[in-house]
S.K.: 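Quick one: the structure is below, questions incoming.
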Amino acid sequence: MSETTAPSRQLPTLRQALANGRDMLQLLEVWADRRWLRDLDYGFAQTLLRREPDMPPMALLAAALVSQQAGRGHLLLALDKALADPDACLSLPESGRSSTAGVVMAHALLAGIDSEAWCRALQSSIAIGDGSTRTPLVLQGSDLYLYRHWQHERRIEVAITARLKNPLPIEAATVRPLLDQLFPAATRPDVEMDWQKMACALCARQRFAVITGGPGTGKTTTVIRVLAMLQAQAMAEAPARTLRIRLAAPTGKAAARLNQSIAAQVQGLDLGNLSEPEVLRATIPTRVDTLHRLLGSRPDTRHFAFHRERRLPVDVVVVDEASMIDEAMMVALIDALPDTARLILLGDKDQLASVEAGAVLGSLCARAESGGYDSETQRWLEAASGETLNTALVASSPRLLEQGIVMLRHSHRFDADSGIGGLARAINSGDPREARQILEQGQDVHAPAVSSSEDRAFLDLLLHGHGADAPGYLACLEVLASKRPNLAESTAIDAWALAVLEAQAGFQLLCALREGPFGVRGLNARIEAALMQGGHIGTGSEGQQWYEGRPVIVTANDYNLGLRNGDLGITLRVPEGDGAAPSTLRVAFHRQEDANAVHWVLPSRLQRCETVFAMTVHKSQGSEFRHTALILPDTPSPVLTRELLYTAVTRASRAFTLFTANRDVFDVAVTRQIERASRLFAARR
């Protein structure tokens, strides 16, 4: 289909489209021509009409729209909202909202539909059911689902509810001594309550738990103590048997980062006077897999080796960066878990949700801020932890879901005076004025004025940074040049590569978009050209694709190479063989099982990778950089949201820089939240 063909068609009138299925399909084809719908959405409607020739036109329209909504991450089409705000439903571009040249506009069509009449039309179609039988679409009240999304939502609710309904029969008095050993009074934070200790207490009695919190609140530290507590309990009951624990993350990058963090923390864990501390330490796993590897992904299929008929041999599964888990992956995970196994999710509820449909962690943690505990949970948590729960966090009408969720509230990374922490909080609260004030203060956050992405001052800042805590790309290249070893010994070369990889984590430019002057593709090319023109990197080989200093990101799991989607590497020139032969290019990565070792890969073997002077904010999830910069486009875009800004800001540990030629774009993004239509645990329990 081509947009240029649309105006030449004899288009149906509004009345014809509402009265005849074929006329409605013709109209949907025009919408697809104009990219208001995807070809997939139009094809879905076309298939339904082929199977049900007398399908009501309004049902055909709804089918195309629910498919279109799924492409935008929504689990359903809310019919009432679609009628109230058609433009928001379709997310039409500005040009589409104003154009009336021979095209029946979305808002004009939907304005002619009555809500009750629309529901009656849907109910009369054989393609739409109530979920009791398998039909392409499911209607629940005024919400229309694709069958698989309706089924997934229900299965997630049923599985989580079953785990929460019957807390484990563990006495608080048996947990209290363990927690007192793992959280000695001398290390208690100077805050009203030790939320990490409270989170451990909650995990002691629940087969399903969520630990959420912002950056630096200690989610990983907490879960290590949870695992130590659970293993200590198991060893006390049966010394010969320890729990089978698996650790996982949605992406390779997140798995590698957790692997590095957890290995170091397990070794440094103070086990106090617990019985046989070194034996206990050895039972805490440090290997982290991707969810795909944990479940046993099969090539060229969505199915996994472990499922409802063949469960994982585990007692506990911990998943980090749970905000990136989409609805389908969550279903696959809970299907593969034995009914008796514990599932613990870790994640920041305010980060970007998965690229795929659903926002599981956001839905689960919708009320995490307010606690929502019942009086029984309150009594048990206080007895097990020795902490006192604020009565404001005890609900008068509690839901079952909240009894398995705890929010960590004290950041150990950002203190009260931190600009990064303050900016993240202002963005989360939707306050653009406060966010601007923090940016103007210049304390570890910066917002230099730039006229465009081609501004010379902008490129200079990317290369040089501004200050010791806010380096640019040249800092990594300087380490590459200054620390290059004179000897060809592998130990010296590996030490040099590790130093370069450490410097690479010093700075990263993030983008909201992939295409356009403010997108990843264009900026990667401009930064690369600026570095070449300045003589900081040489011209490449193999069609100028590879050169020393080229940073790359792996874009797909490659288990043969031991690489995961999201892994970051740096291209280096190293001696070949014994050093007598000419040097050759190799790409250095951190080794998955040991962050202090280097994994070398030939460039020719990297089939799925990209240059990464700039990366999207989505790709940055699960990473941390000492200095992070974000560049925003000069005009508003639907992808610019509060969650995207928050995720970008919290990737920085020491300094954050915002580049924008139009501050209004930033203000609009602060006030706009991602709203993914879902009914997961909504108005239930």
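Here the structure is a predicted model, which is why all the values come from computation and not from measurement.
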S.K.: Got a sec, which residues hit side-chain contact (heavy atoms from CB on, under 4.5 Å) with Ser261, two or more places apart in sequence or on another chain?
M.R.: Thr220, Gln265

S.K.: Partners of Ala322 by side-chain contact (heavy atoms from CB on, under 4.5 Å), sequence neighbours excluded?
M.R.: Ile325, Leu345, Leu361

S.K.: So, Thr555 side chain and Arg608 main chain: donor-acceptor pair closer than 3.5 Å or not?
M.R.: yes

S.K.: Does the Arg651 side chain pair with the main chain of Thr647, one donor and one acceptor, at a distance under 3.5 Å?
M.R.: yes

S.K.: Side chain of Trp496, backbone of Leu480: donor and acceptor closer than 3.5 Å?
M.R.: yes

S.K.: So, Arg564 versus Thr251: side-chain donor-acceptor pair below 3.5 Å or not?
M.R.: no

S.K.: Against the six-membered ring of Trp600, is Arg586 placed for a cation-pi contact (under 6.0 Å from the centre, within 45° of the normal)?
M.R.: no

S.K.: Checking Arg521 side chain against Arg514 main chain: does a donor-acceptor pair fall under 3.5 Å?
M.R.: no

S.K.: Got a second to check how far Leu461's CG is from Thr657's OG1, nearest 0.5 Å?
M.R.: 7.5 Å

S.K.: Between atom NZ of Lys219 and atom CG of Asp320, what is the distance when rounded to the nearest 0.5 Å?
M.R.: 7.5 Å

S.K.: I'd like to check the side-chain contact (heavy atoms from CB on, under 4.5 Å) partners of Asp350; sequence neighbours left out, ordered by chain and number.
M.R.: Asp348, Asn428, Tyr646

S.K.: Rounded at 0.5 Å granularity, tell me how far CG in Leu568 sits from OG in Ser623.
M.R.: 5.5 Å

S.K.: For His292, I'd like to know if atom NE2 has over 12 heavy atoms of other residues, nucleotides or ligands within 6.0 Å.
M.R.: no

S.K.: Do side-chain atoms of Ser370 reach the backbone of Gly372 as a donor and acceptor pair under 3.5 angstrom?
M.R.: no

S.K.: Tell me whether Thr286 contacts the main-chain N or O of Ala263 through its side chain, where contact means a donor paired with an acceptor under 3.5 Å.
M.R.: no

S.K.: Do the side chains of Arg654 and Glu624 get close enough for a salt bridge, i.e. N-O under 4.0 angstrom?
M.R.: no

S.K.: Show, in sequence, the C-alpha distance, side-chain angles and deciding distance for Lys619 and Glu610, and conclude whether the salt bridge (charged side-chain N to carboxylate O under 4.0 Å, His left out) test is met.
M.R.: CA-CA 12 Å; Lys619 281 286 189 182; Glu610 298 175 353; over 6 Å; no

S.K.: Are a donor atom and an acceptor atom from the side chains of Gln351 and Gln621 found within less than 3.5 Å of each other?
M.R.: yes

S.K.: For Ala588 versus Val598, what's the shortest heavy-atom pair and its separation?
M.R.: CB-CG1, 3.8 Å

S.K.: Going by an N to O cut-off under 4.0 Å, is there a salt bridge joining Arg436 and Asp667?
M.R.: yes

S.K.: Angle class for the His627/His466 ring planes (parallel below 30°, perpendicular above 60°, tilted otherwise)?
M.R.: perpendicular

S.K.: Would the distance check show the side chain of Arg672 and the main-chain N or O of Leu640 forming a donor-acceptor pair, the cut-off being under 3.5 Å?
M.R.: yes

S.K.: Testing the basics here: between Cys511 and Ala614, what is the closest heavy-atom pair and its distance to 0.1 Å?
M.R.: SG-CB, 3.9 Å

S.K.: Below 4.5 Å, heavy atoms only, C-beta onward: do Glu528 and Ile537 meet side chain to side chain?
M.R.: yes

S.K.: Between Phe625 and Phe507, does the ring centroid distance fall short of 6.0 Å?
M.R.: no

S.K.: Quick one: pull up CG in Leu658 and CG in Leu630 and give me the separation to the nearest 0.5 Å.
M.R.: 5.5 Å

S.K.: Can you name the nearest heavy-atom pair linking Gly506 to Arg626, along with the distance?
M.R.: CA-NH2, 3.2 Å

S.K.: Would you name the heavy atoms of Ala199 and Thr222 that are closest together and state the gap between them?
M.R.: CB-CG2, 3.8 Å

S.K.: Where do Gln196 and Thr217 come nearest, in terms of heavy atoms and distance?
M.R.: NE2-O, 3.2 Å

S.K.: A quick test of your reading: do over 12 heavy atoms of other residues, nucleotides or ligands sit less than 6.0 Å from CZ of Arg409?
M.R.: yes

S.K.: On the ring face of Phe183, is Arg225 found with NZ or CZ under 6.0 Å from the centre and within 45° of the axis?
M.R.: yes

S.K.: State whether the side chain of Gln508 and the backbone N or O of Val612 hold a donor-acceptor pair below 3.5 Å, judged by distance alone.
M.R.: yes

S.K.: Rounded to the nearest 0.5 Å, how far does CG of Leu439 lie from CZ of Phe666?
M.R.: 5.0 Å

S.K.: Taking all heavy atoms of Ile211 and all of Cys203, pick out the closest pair and write down the distance.
M.R.: CD1-SG, 4.0 Å

S.K.: Do any N or O atoms from the side chain of Asp289 and from the backbone of Ala248 form a donor-acceptor pair under 3.5 angstrom?
M.R.: no

S.K.: I'd like to know if the side chain of Gln504 and the backbone of Leu477 have a donor-acceptor N/O pair within less than 3.5 Å.
M.R.: no

